[in-house]
Visitor: 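Pasting in a structure now, in structure tokens, and then I'll have a few things to ask.
Bear in mind the structure is a predicted one, so any value in this text is a computation, not a measurement.
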Amino acid sequence: MKVLPVPVRDDNYAYLLIDDVSNTAAAVDPYDVPKVRAAADKAGVQIVAAITTHHHHDHSGGNQYQLLTHAIPYRHSYVDLRCPPVSELESLRPLQAKDFPDAPIYGGSNKIPALTNQVKDKDEFTIGNIHVRCLATPCHTQDSICYYVTSSSGAAHPGGVFTGDTLFVAGCGRFFEGTGAEMHAALSHLATLPPATVVYDGHEYTKGNLAFARHVDPENPAIARLARLIEDGTLPGTRTTIGDEKEWNPFMRLDSAPILKATGGGEPSVVMDALRTLKNNFRG
């Protein structure tokens, strides 16, 4: 098993989740379809499924045509990377069925375009020799699903989790459809994964998140370690782990003295709401 990040838009990440035994892959949040397909072609793998972390367009927007290979005529302009008009998508459905008749699109609700397989917490499926377990993490959106992946082929990869806009390096997503209590529950759910689990998040927000983490937790040596990883160029090329995030991510350290001081304390849900408000207003 290996995971290939594919930067898309200004700061999004799509990914190829590759089973290197069968040379097949799932495209995770494949917004910029031509770029993701080019990465798959270069890696010599066939995309056999799509995995969507939540319904926001910058993550799900490629679903309606992401498996059409070269079926979309080149006359279309994708400067703004929008899907073709529905009428054109309808006319292309037979080509999709012909090229990839069994390719599923996984996601957490019917708000996700072209969804074929709706999943919920603890659901499981496979991509070749890769086992995928679904973790429901509602808050950023109510249909947010994180996907914990492990190899059944004896590969050396320690396992990974695709977190979309729920967990970032040293941060978390905004509470667009949820509450502090829900985000606390979501991050606590992720915290139960093995510490070596690699985090594959949905945006490159590391430098801004580091600045806020330093602001609310200035004496934390783990945050100093994160800063060194950025300064020496290790990040963002190398991904962080659940163990790392539990050490330096303020949203996963709600019971620590610095975070309690910064937020005024209280129950975890109250602390989470206060911390998110501080982050929303932070201009450092």
Side-chain angles (χ1 to χ4, degrees), residues 1-53 57-85 88-107 112-117 125-132 147 149-153 155-157 160-164 198 200-204 236-239:
M1 182 180 86
K2 59 185 176 182
V3 178
L4 179 63
V6 184
V8 297
R9 298 180 78 245
D10 292 333
D11 55 33
N12 278 72
Y13 285 114
Y15 295 94
L16 288 172
L17 171 62
I18 298 173
D19 173 31
D20 43 13
V21 176
S22 62
N23 285 327
T24 56
V28 182
D29 290 350
Y31 178 84
D32 185 336
V33 176
K35 194 169 185 178
V36 173
R37 288 220 57 98
D41 291 344
K42 184 177 180 180
V45 298
Q46 179 186 11
I47 296 175
V48 297
I51 294 174
T52 309
T53 59
H57 183 68
D58 59 325
H59 295 263
S60 68
N63 285 2
Q64 291 181 343
Y65 62 105
Q66 72 91 20
L67 293 177
L68 290 172
T69 318
H70 303 299
I72 298 173
Y74 288 116
R75 69 176 182 273
H76 293 302
S77 171
Y78 290 107
V79 173
D80 60 358
L81 299 177
R82 292 176 296 180
C83 291
E88 295 183 20
L89 284 171
E90 291 293 339
S91 69
L92 291 172
R93 285 183 190 276
L95 291 175
Q96 177 175 339
K98 177 181 177 182
D99 290 342
F100 296 96
D102 301 314
I105 296 177
Y106 296 93
I112 291 168
L115 183 77
T116 64
N117 290 51
F125 57 92
T126 58
I127 304 294
N129 295 282
I130 298 171
H131 180 260
V132 184
Y147 299 88
V149 295
T150 54
S151 175
S152 60
S153 66
H157 195 290
V161 61
F162 297 96
T163 60
V198 181
Y200 299 105
D201 55 353
H203 288 270
E204 182 45 56
T238 299
R239 313 307 298 175

Visitor: For the atom pair CG (Asn117) and OG1 (Thr52), what is the distance rounded to the nearest 0.5 Å?
Guide: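 That separation rounds to 10.5 Å.
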Visitor: Locate the shortest heavy-atom distance separating Lys35 from Val8; write the atom from each residue and the value.
Guide: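 Residues Lys35 and Val8, closest heavy atoms: CD-CG1, 4.4 Å.
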Visitor: On a heavy-atom basis, which atom in Ser153 and which in Ser151 lie closest, and how many Å separate them?
Guide: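 So the two residues come closest at OG-OG, 2.8 Å.
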Visitor: Check the pair Ile47 / Val36 against side chain to side chain contact (heavy atoms under 4.5 Å, CB included), numbers first and verdict last.
Guide: CA-CA 10 Å; Ile47 296 175; Val36 173; 4.2 Å; yes
Visitor: Can you measure from CG (Asp58) to OH (Tyr31) and round to the nearest 0.5 angstrom?
Guide: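 The CG atom of Asp58 sits 7.5 Å away from the OH atom of Tyr31.
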Visitor: Specify whether Tyr200 and Tyr15 have parallel, tilted or perpendicular ring planes, treating 30° as the upper limit for parallel and 60° as the lower limit for perpendicular.
Guide: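 Tyr200 vs Tyr15 ring planes: perpendicular.
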Visitor: Please examine the side chains of Tyr13 and Asp201, heavy atoms only from C-beta on, and report whether any two atoms are closer than 4.5 Å.
Guide: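 Answer yes - side chains close enough.
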Visitor: Is a donor on one side and an acceptor on the other found under 3.5 Å between the side chain of Asp20 and the backbone of Met1?
Guide: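 Confirmed, Asp20 side chain pairs with Met1 backbone.
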Visitor: I would like to know whether Asn12 and Asp29 meet side chain to side chain contact (heavy atoms under 4.5 Å, CB included); could you show each step before the answer?
Guide: CA-CA 9 Å; Asn12 278 72; Asp29 290 350; over 6 Å; no
Visitor: Please check: side-chain N/O of Thr53 versus main-chain N/O of Thr163, any donor-acceptor pairing under 3.5 Å?
Guide: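 Flag not set: sc Thr53 to bb Thr163 has no pair under 3.5 Å.
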Visitor: Rounded to the nearest 0.5 Å, what separates atom CZ in Arg9 from atom NE2 in His57?
Guide: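 With rounding to 0.5 Å, CZ (Arg9) is 8.0 Å from NE2 (His57).
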Visitor: Kindly determine whether Val198 and His157 satisfy side chain to side chain contact (heavy atoms under 4.5 Å, CB included), including the steps that lead there.
Guide: CA-CA 9 Å; Val198 181; His157 195 290; 4.2 Å; yes
Visitor: Residues in ring-ring contact (aromatic ring centres under 6.0 Å, His included) with Tyr147, at least two apart?
Guide: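 Here no residue qualifies.
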Visitor: Can you tell me how far apart CG (Leu17) and CD1 (Ile51) are? Round to the nearest 0.5 Å.
Guide: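 One finds 5.5 Å between CG of Leu17 and CD1 of Ile51.
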Visitor: Just do the side chain to side chain contact (heavy atoms under 4.5 Å, CB included) check on Asn63 and Leu115 with the steps written out, would you?
Guide: CA-CA 8 Å; Asn63 285 2; Leu115 183 77; over 6 Å; no
Visitor: Taking all non-hydrogen atoms of both residues, which atom of Asp19 and which atom of Gly128 are closest, and how far apart?
Guide: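 Here Asp19 and Gly128 meet closest at OD2-CA, 3.5 Å.
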Visitor: Do any N or O atoms from the side chain of Thr24 and from the backbone of Gln46 form a donor-acceptor pair under 3.5 angstrom?
Guide: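 The answer is no, because no donor-acceptor pair under 3.5 Å joins these two groups.
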Visitor: What pair of heavy atoms forms the shortest contact from Asn23 to Gly44, and how long is it?
Guide: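 That closest heavy-atom pairing would be CB-O, 3.9 Å.
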Visitor: Which heavy-atom pair separates Ala25 from Val45 by the least distance, and what is that distance?
Guide: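 Between these two residues, the closest heavy atoms are CB-CG2, 3.9 Å.
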Visitor: With side chains defined as the heavy atoms from C-beta onward, is the minimum distance between Val3 and Arg239 less than 4.5 Å?
Guide: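 In short, these two side chains do not touch, never coming nearer than 4.5 Å.
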Visitor: Quick check: closest heavy atoms across Pro113 and Ser60, and the distance to 0.1 Å?
Guide: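 That would be CD-OG, 3.3 Å.
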